[in-house]
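What you see below is based on every heavy atom in this structure, not just the backbone, and it leaves out hydrogens, waters and symmetry mates. Counting convention: from 1, in listed order, for ligands and their atoms alike. The chain is numbered in sequence order, starting from 1.
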Amino acid sequence: MLKFALAGNPNSGKTTLFNALTGSTAHVGNWPGVTVDKKEGVYKKGPEPVEIIDLPGIYSLSPYTPEEVITRNYLLDGEASCIINIVDATNLERNLYLTTQIMEVDIPIVVALNMADVLRKNGDTIDVKTLERRIGLPVVEISALKGDNIDLLMERALQAVKEKRTGTSILKQSVIWPAISNAEIALKLKDVPAPLFHAIKLVEKDEIEVKNHPAEARAAQAFIKENVCKKEENGIDAEAEIADARYKYITAHFSSTLTRARKPSYDHLSKSDKADRVLTHKIWGLPIFLVILFLIFHLTFSDDLFFIGAMTNGFGGHAETLAEHPVGYIFFGGGLNTPGMILFNLMDTFTGLIGEGLTLGFEAMQAHPGLTDFIVEGAWGGIASVLSFLPQILVLFLFFSILEDTGYMARVAFMLDRIFRRFGVSGRAFMPMIMGFGCSVPAMINTRTMADEKEREATLRVIPFFTCGAKTPILLAVAGAFVTYFKIGNADVITYAMYLAGIVAAMIALLVMRSTTKRGEASPFIMELPTYHLPGFKNLMLHLWDKSKHFLQKAFTIILLSCIIIRLLSTFSWDWSYIGEDMDRSILASLGQFVQPIFTPLGFGSQIPQYGWVFAVAAVTGLIAKEDVIATFGTLAACLGAVLSQEQLDGGVAQVAYLIEVTGITKAAVISFIIFNMLTIPCFAAVAAAKGETAKGKFKWTLLFWIATSYIAGAAVYTVGEFVWPVAIWVAAIAAAVVGIVIYNKKMNKKEARAKLLGQ
Ligand code: GDP
Ligand code: MG
């Protein structure tokens, strides 16, 4: 079967085109040996089926990042029958830079000028015929999003495959061309495939190339010294010379085919630039981001939309009446419910109905009450408490995906770079961190894009501090229960504050690490800002579907199993006799009591009067999957509730509130519990991923780091919460001293570095 590879810059529309070409036939895997998405699918609308491969997005074929290495190797392997080079027509010069490199390989190529719809809307035109003639490759204007011209694109590609193609270069007018030409001859003599491409990289002193052909590399450098540098006064940097030659050629010959409706000038900024003037403003940019973030949390977690209820005294008391109504509660809480809250309530009703259905079903079958209790309260109780948070997690992700798809997240990375630098990491660390809000595993893998090893390891360690989807239920349930039981604050504000607390913890940890064990300066960060665009609806839905699938799979496997085990262990004593109501005698209780003292300094250990082992058990089961913390509470609370007060407890919030009441845990300890779980060792999957990404033998330090950070932070919060002011002053003093030392260290570091530079 013919194989067409899609290559282009990140955000040029490769995946969109891929989806349009292959429909739903995509197969997603990983590139052998590395965890970068590999997408393969089949295009079936032509005369013969064609396999389509979505290559990782790259800006150049110089192998610095894993994405670049993968794409380059794939193109050089000769596996592809044709390369479809996707070019974002709204960003022509930058995108064609890659094109000028791809055309040096001996494979048929078709250029797809994507985003034709945007171009048209802006009133800009590209003279495709002239561009085609000058570039020497077939060019087709398409819109991957609208599906315009994509069949024509495939037709042209099928035509192109019929002829053999040898690489061409636009570097012929460059002063360095003789050196390239010379190297090409040498490589041809060695029968190297794609000699032109390799010759150019060799002259650029590309690492891989120099390793593969050391003799030719030396010859090329000698040639440059002899024949090229003599003519140039200041010597020559081959790599810079070649990059410069490419841009100059592109500007002179290719970009002139683009006619803009309006000349870009300061009076006529594009909409995107205008938006950027506000959104990435030096002073307002960041506060705007924080406000957007708060709005997202508010719309997801609050039961009082835009605080209207609070301002109108709950619509003059009506909200309260409506919230008591069996259907009204779905839409009304403290005021009008937010979209996230409405979905939460719907899910609540749904899981409640299933629970009741199960009970009725077992009663009808006249099953043993022990079995009914085991399934309904134990297994289902636990799962339901986790499931109840799925809608809000999805809403949160919908918002995050929108921010990412529109191109706003890239701007945030750019703005944060300035601040991140002070903490010793570059803006490049932002993407893995944001991904950490979803799941630590892909986020940790994404740190591979960071070149500096120490910077990368430090980032890897703080990724779990960014509250992931599985930890969200902990925050929601415990924060919700906190508000319900202690009647303080708003659940959305607490949740937002906890998310921010995670970020602050990450920054402090980075600062400390980068000036002690992982000392170093932030690496440079260059990125291109894509123009803003509306997010694609289909794309968003695909994201959400992926997320839900993952969540449900986990709920009905690991978490279900954990609930069953927890329920079993809390039903029987060590001699496997059924203990019924006396849960304190269960196996689980004695295991919990064994580890309980460890948590005493954190406030949820031995000092809790009743059932204190519940918290110890939850903290430990959280190591399997973070949802298990809430599932454990759910299972145990459902059982305790049934036993102690014959109450039916629906949803995670009610369950945790009940546990707070029964155990008599203090406010400070509840917060310490959240903090501990946010910062401690992540779940198994994330631990495995982090281990895989860490150098051999060093992982124990990462584990130790997580344990120490979470323990110290939890203990500090608890101590401050219980004893408040005297201790707070001490802690603040110590923190100030640490920060002082760190900053002093940094200054000395810089001085040393400068001294070294001058000394040379
Ligand atoms: P990739 O990084 O190259 O895979 O790019 P994507 O396929 O993810 O596309 C990046 C963004 O560009 C998405 O938000 C797409 O919806 C959008 N996009 C892709 N093709 C087009 C197009 O032809 N027209 C418009 N207006 N937007 C597009
Ligand atoms: Mg993509």
| field | Lys/Arg N to Asp/Glu carboxylate O, K3 vs E40, below 4.0 Å | value |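 Salt bridge between K3 and E40, a charged N being under 4.0 Å from a carboxylate O: no.
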
| field | Presence of salt bridge, R134 and D127, under 4.0 angstrom | value |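 R134 and D127: not salt-bridged.
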
Which ligand 1 atoms, with their elements, are less than 4.0 angstrom from a heavy-atom of [X]?
X    : answer
S143 : 22 (C), 23 (O), 24 (N)
N9   : 3 (O)
T15  : 1 (P), 4 (O), 7 (O)

Below the 3.5 angstrom mark, is there an N/O of [X], backbone or side chain, next to an N/O of ligand 1?
X    : value
K146 : no
A116 : no
L145 : yes

| field | Among N149, T16, N11, closest by any non-hydrogen atom to atom 19 (C) of ligand 1 | value |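 Among N149, T16, N11, the closest heavy atom to atom 19 (C) of ligand 1 belongs to T16.
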
| said: Out of T406, V118, D148, N114, who is nearest to atom 23 (O) of ligand 1 when you count heavy atoms only? | reply: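 Checking each option, the heavy atom nearest atom 23 (O) of ligand 1 is found in N114.
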
| said: Within the structure, is a non-hydrogen atom of P535 found at a distance of less than 4.0 Å from ligand 1? | reply: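 P535: no contact with ligand 1 (<4.0 Å).
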
| request: Could you tell me whether Y247 and Y97 have their ring centroids closer than 6.0 angstrom? | output: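 Yes: the rings meet the under 6.0 Å criterion.
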
| request: Of the side chain and backbone of L17, name the one, both, or neither that has a heavy atom under 4.0 Å from an atom of ligand 1. | output: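 None of L17 does.
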
| query | Out of curiosity, F4 CZ to I84 CD1, how far, rounded to the nearest 0.5 Å? | reply |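 The CD1 atom of I84 is 6.0 Å from CZ of F4, to the nearest 0.5 Å.
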
| said: Tell me if the CD atom of E163 is crowded by more than 12 foreign heavy atoms within 6.0 Å. | reply: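 No, not enclosed.
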
| task | Any chance you could lay out the side-chain contact (heavy atoms from CB on, under 4.5 Å) test for L75 and F197, step after step, and finish with the verdict? | result | CA-CA 11 Å; L75 298 183; F197 177 86; over 6 Å; no

| message | Whether the T15 and D54 side chains hold a donor-acceptor pair (N or O, under 3.5 Å, no angle test) is what I'd like checked. | response |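 Checked: T15/D54 side chains pair up, N/O donor to acceptor below 3.5 Å.
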
